[in-house]
Each structure stands twice: as C-alpha cells, then as structure tokens.
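Working notes, beginning with the structure itself.
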Amino acid sequence: MAYSEKVIDHYSDPRNVGSLDKSDENVGTGLVGAPECGDVMKLQIQVDPVSKEIIDAKFKTFGCGSAIASSSLATEWVKGKSIDEAMSIQNTEIVEELSLPPVKIHCSVLAEDAIKAAISDYKSRNED
Amino acid sequence: MAFEQPACQTCESTLISRLFCFSCNAFQPLPREIDLFEVMGLPIAFEIDSEELEELYQRLSLELHPDFFETAPEAEKRLSETALVILNRAYNTLRDSTLRAGYLLFLLAKDKKLDERTLPVGFLQQMFNMQEALDELLNSDDTAALIRMSKDLQDRHKKIETSFVSLFKIIEDSPEDLEKLQQLQTYLNADRYLRRLVDRIPENGLLQN
Ligand code: FES
C-alpha cells in the first residue's frame, strides 16, 4: 500500500515527539489503544492556565506509519487551540488531510481518541 | 458440547470431515455457513487434539490436491477448489490458540454484542511501558534483557491461554453467561497488544538461549 506524501512527510519527520510532565496540573495525558491492531498512542497537551489555550503538545506512538502521521498532525493541530476547539477535531479531517485509505481509518480514530482522552484527563484534574 | 457425527450424503457412512467422504470419495454439499470445527472433525471446544487436527489436515489436503482434479469435470474441479480454501481456513484458524479462541467465541456469542475495546485494568499503560522499554532494548546490545522480555511476553500469553481453557469450560456449562463471554473477549483484546510487541522482537539471536 502506498502512503501519501503527507503521511511520509510526518512519518519520516514526526513533529512533537516526546513527553510532557504527567504530574503537571496544566498537562493532560491521553493513552489509547487500537483494538483492531494493538497499537498504542500517548498524546499530551499543555494548557495555559490563564488563556486556557493549548500551548504545547507531544506524542509517542507505537504503531503504523498512518498512526504516527495522524498523531503528529494532531499535535500540530491542537496547538494554539482552545480546549473546546481541540475537542471538536474529527478523525475524518485527519483522513482527508493525510489521504488515508479505508483500511487506515482506524489509525486516525486512534489520534482523535487520544486528543479526547488528553483533554478529559486535563479536565478531570482541573475541576476547580 | 454435543457433537453429532454427520453422515455422507452419497454413501451414508459417518463423515470425519464435513468436506469430503473418505469412504466413497464424494464431496459433500456445503451449507452456507460451515462450522470450521466440523470441517476438521473436532468437537466444538477450545481444547483440541492437535495431533488429530494435523493428521486430518494432511489426509484431506492430499485428497484435495489440485493435481488430482486437473482432468476432472469443471464442476468437480470447482468443488475441490472451494473445499481446499475452506480446509486451509479451518486448519489455520483452529491450530492457532488465539484465532481458535476468537472463532469459538464468535460461535458462542452469536448475536450477543461483546465490547471489543475492553482491556484488563492498567493493561494499556503496561503495554505502553513495555513498548518504550522494547525501543530501548532494540537500540542496545542487551540480548539477555531482550530474551527476558520475550519470555515475559510469552508468559503473559500463556496466562491468557490458561484463562481461555478455564473460561471456555465454564461457558460450556452455562452458554448464556454474558459476563464470562465478555471476559473472554477482554483477554482476546489484550492478546492483540501482546502480539504486537512479540512481532517487534527479531527472532534471530533469541532462539539459541
Ligand atoms: S495499523 Fe494500527 S494504528 Fe494503524
């Protein structure tokens, strides 16, 4: 199966690989797995306590090229967004941006799940 | 589970496999959904006699070998090809314990909806940590540690297999036990993550320990 150029770009030069401090109260961590294939993805966001904007994001993905590209893209997209804006990111947008074929849709779902999980972790730790 | 021996549609002798009669060499009409256990002449249960499976597979693949059907009438040729496809599917599914558990669960759960995302508590985090550790090991020369991890993964897989045995036994007696069915599904889900890790470990160098 041929990967699209954008997938190859993200895959060979993934943005924002790494970790943020899990215990920092401004950080939300999402850890998700793809039941279809057993791949795992961790995505973290750092939220500015005043502006409530996502100012940083990092990921680490053990999975296929599409999953790595999807999570790399997801970290780029959430940066600069408010939590609500980030929450509304759909996997279909990722599919479109990366031209993922049908068999790779679950890889983009993984990235969407990871964003949502990171946000809900952040929220659960910041309920006034 | 009850196991009714089917009879050959042509000569009425007892069939060992649903595909083919060894007494009169007749192909059997195939139902729309064929039970893979029946294809391999095995009772529907998780624990199987692997030798029996192996033997029947050898016997049937010999009978169904395409060479024998080169000059056969078109219809028979087609039947033999279909039978061979089903035979291989049955063999490959049943000889692998995870695939067999998945198939058996599919048969038992039928229209009950099981959740294919459930995992044991804390499992996902463990898998993530192991993936990270494996990354490091693969970049180092620490073969001993790699072997240890490989063993650890095997042990985890074996534990799941043992749970399959006991859970399927319970379900044989109470097939409606949704909680147990879901528990089986959870282990199957978990096994996929283990498999992913195992697949990353290069086999060479690990086997001579
Ligand atoms: S194949 Fe597993 S996430 Fe893509």
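Residue numbers start from 1 in every chain, and the chains themselves are labelled A, B, ... in the order their sequence lines are given, proteins ahead of strands. The figures here come from the full heavy-atom set of this structure, side chains too, leaving out hydrogens, waters and symmetry mates.
- Using a 30° and 60° split on the angle between ring planes, B:Tyr57 and B:Tyr91 fall in the parallel class, below 30°.
- In this structure, chain A has a heavy atom under 4.5 Å from the side chain of B:Arg196, while its backbone stays farther away.
- A side-chain contact (heavy atoms from CB on, under 4.5 Å) with A:Ser70 is found for one member of A:Val95, A:Val109, A:Leu100 and no other, namely A:Leu100.
- Heavy-atom distances place both the backbone and the side chain of B:Gln131 under 4.5 Å from chain A.
- Classification of the B:Phe46-B:Phe168 ring pair by plane angle, with boundaries at 30° and 60°, yields parallel.
- Only the side chain of B:Asp135 has a heavy atom closer than 4.5 Å to any heavy atom of chain A.
- More than 12 heavy atoms of other residues, nucleotides or ligands sit less than 6.0 Å from atom CD of B:Gln126.
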